[in-house]
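Here the structure is laid out as structure tokens; the discussion comes afterwards.
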2 protein chains.
Amino acid sequence: LRKAGFPGKVLGVSSVSTISKAIELGVIDAGASARDASHSADLIYLAQPIHRIIEILPELNQWVKPEALVTDAGSTKSVIMDAARSLSRCQFLGGHPLAGKESRGVESADADLFQKRIYVITPRQAGDLETPVAQEFLRWISQIGSKTVVMDAPTHDRALAFTSHLPQIASTGLACTVAKQGDAAAQLFGPGLLDSTRLALSAYEVWADILATNRSEIDLAIGSYIEVLQRLRASLASDETGQFFEKGGGFAARLRTTS
Amino acid sequence: LRKAGFPGKVLGVSSVSTISKAIELGVIDAGASARDASHSADLIYLAQPIHRIIEILPELNQWVKPEALVTDAGSTKSVIMDAARSLSRCQFLGGHPLAGKESRGVESADADLFQKRIYVITPRQAGDLETPVAQEFLRWISQIGSKTVVMDAPTHDRALAFTSHLPQIASTGLACTVAKQGDAAAQLFGPGLLDSTRLALSAYEVWADILATNRSEIDLAIGSYIEVLQRLRASLASDETGQFFEKGGGFAARLRTTS
């Protein structure tokens, strides 16, 4: 926001040590309790693990200004949209920036993190995007370099089960599979294994909530992946493996023209 | 080699158009037929698809100087080591640099490609590393920034089935699985899906040979991966998923301290 020219005040709500590091790094202007920050904030941005977002929404309802906007960056949206029904005193707009790193903490703050990324917004109804405070929020999403995509929460959760949650499971599973092979395998690898295991570095503290709040869609996605792998495995004995490379390679190339 | 200070002449064997581009880019000094190049070469470096390496080894035997060294960069080693028994007139030393890109062709040449990479050497017997020409070759591997690791071909093929061939199959399979989800999925993704599908861009022309020459080990590796994914899937209903994240994350972190 600072890099994009935001002139307002940014309050941070976190532990004393994180607040102190965040001020030092120029990420926030000051620290505050959730209650004090909510009393004065025009925009309340919840970037916590999903279960903490769900816990704090009813609390916020006691403190917020009626003209404020509360939004979040949670990686699943259906459960959060349900929980946000408890926030009746001001507007709520669900969000999910498709940007991130495997590292966490204020030291990993990166002003270019949102550049050229998709920012999903999940309004409850179309009118949610037309309020003045929502309009201003959407302008800042554009200012930080992201492209807004509007959809309902279940559509988001179904798509992300395949494009985000499945890649995480695939990477964690791959790392566990290779780990069982012992020392020769741990030494004999190239850049491909590093790419394929980058997501395995992700914190379970974040993922526990994602997996718990999108379980049925993720179960479907893993099942679909296992079925493709079984067909790929069977194809090794025939000449059909090339069809998988063609289809997968074509899709991978298409992702790169989109992004 | 040039960047590392190699003072000798580098002949390239390829199509007329590739030779012309390679000279233009300063990658080689001149083009030659395989026969003419073999008549004069001290080192013959085979960097073709595996089936072409296997085809050319008996031909080379008619042309090589007795004091020459033939080596290769094939991604599987057992089948090539067997084929190299037909090369009786000079020494053969199997090799596999664990470096590469998903792009191909002389335009992708990169003088830093081998920096900090493992270079596997698979001698038939220990004495193969003691000849003057092998000693000089090993010195150049070190000069281009790689670390030599010596092992037998079956050990190499078993380890690479897990650390290279399985990640390729996992990435191709993931891309095929997400591709089936249609437009919403193709639009809603972050950097994680790009990392996870980078290997899916690889050319089947290269991989067909790898898969065909290491089939039983790759079959085992895919089976092991599917089994881990099934256990991971089952764990979503319990609290055990964290153990997979811990094990996989620990292994992924360990790879990064090794490399």
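Every chain is numbered from 1 and lettered A, B, ... according to where its sequence line falls, protein lines coming before strand lines.
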Pick from B:G190, B:G242, B:G250, B:G249 with the largest number of heavy-atom pairs that fall under 4.5 Å of chain A = B:G242
remark   = Checked B:G192, B:S171, B:G182 vs chain A; the most non-hydrogen pairs under 4.5 Å come from B:G192
request  = Assess whether side chain to side chain contact (heavy atoms under 4.5 Å, CB included) is satisfied between B:L201 and A:R256, documenting all intermediate values.
outcome  = CA-CA 10 Å; B:L201 296 167; A:R256 282 152 176 83; 3.5 Å; yes
task = Start with the C-alpha distance between B:R254 and A:D183, add both sets of side-chain angles, then the distance that settles salt bridge (Lys or Arg N to Asp or Glu O under 4.0 Å), and finish with yes or no.
result = CA-CA 11 Å; B:R254 186 174 152 215; A:D183 282 350; 3.0 Å; yes
Where does [X] contact chain A at under 4.5 Å (heavy atoms): side chain, backbone, both or neither?
X      : value
B:A170 : both
B:R231 : side chain
B:V149 : side chain

As an exercise: rank [options] by heavy-atom pairs under 4.5 Å with chain B and give me the winner.
options                        : result
A:A252, A:A159, A:A179, A:P97  : A:A179
A:C176, A:A234, A:G223         : A:C176
A:I218, A:I226, A:D219, A:V120 : A:D219

Any side-chain heavy-atom pair from [X] and [Y] closer than 4.5 angstrom?
X      : Y      : value
A:I222 : B:Q230 : no
A:P167 : B:L174 : yes
A:I169 : B:L229 : yes
B:T197 : A:L255 : yes
A:K180 : B:V228 : yes
B:R117 : A:P191 : yes

note = One should read off an interatomic distance between A:L232 CG and B:Q168 CD, to the nearest 0.5 angstrom, of 9.5 Å
note = Interatomic distance, OH@B:Y225 vs OH@A:Y225, rounded to 0.5 Å, equals 3.0 Å
Please classify the contact between [X] and chain B as side chain, backbone, both or neither, with a heavy-atom cut-off of under 4.5 Å.
X      : answer
A:E246 : neither
A:S164 : neither
A:E205 : neither
A:L160 : side chain

query = Going by the angle between their ring planes, with limits at 30° and 60°, are B:Y204 and A:F245 parallel, tilted or perpendicular?
reply = tilted
message = Run B:L166 and A:T177 through side chain to side chain contact (heavy atoms under 4.5 Å, CB included) and show every step you take.
response = CA-CA 10 Å; B:L166 176 60; A:T177 307; 3.9 Å; yes
message = Check whether A:R215 reaches the backbone of B:L236 with its side chain - one donor and one acceptor, N or O, closer than 3.5 Å.
response = yes
ask   = Are the side chain of A:T163 and the backbone of B:L188 linked by a donor-acceptor contact shorter than 3.5 Å?
value = yes
key: B:S196 vs A:R198, side-chain hydrogen bond (donor to acceptor under 3.5 Å, both in side chains): CA-CA, chis, key distance, verdict   = CA-CA 9 Å; B:S196 301; A:R198 187 180 71 83; over 6 Å; no
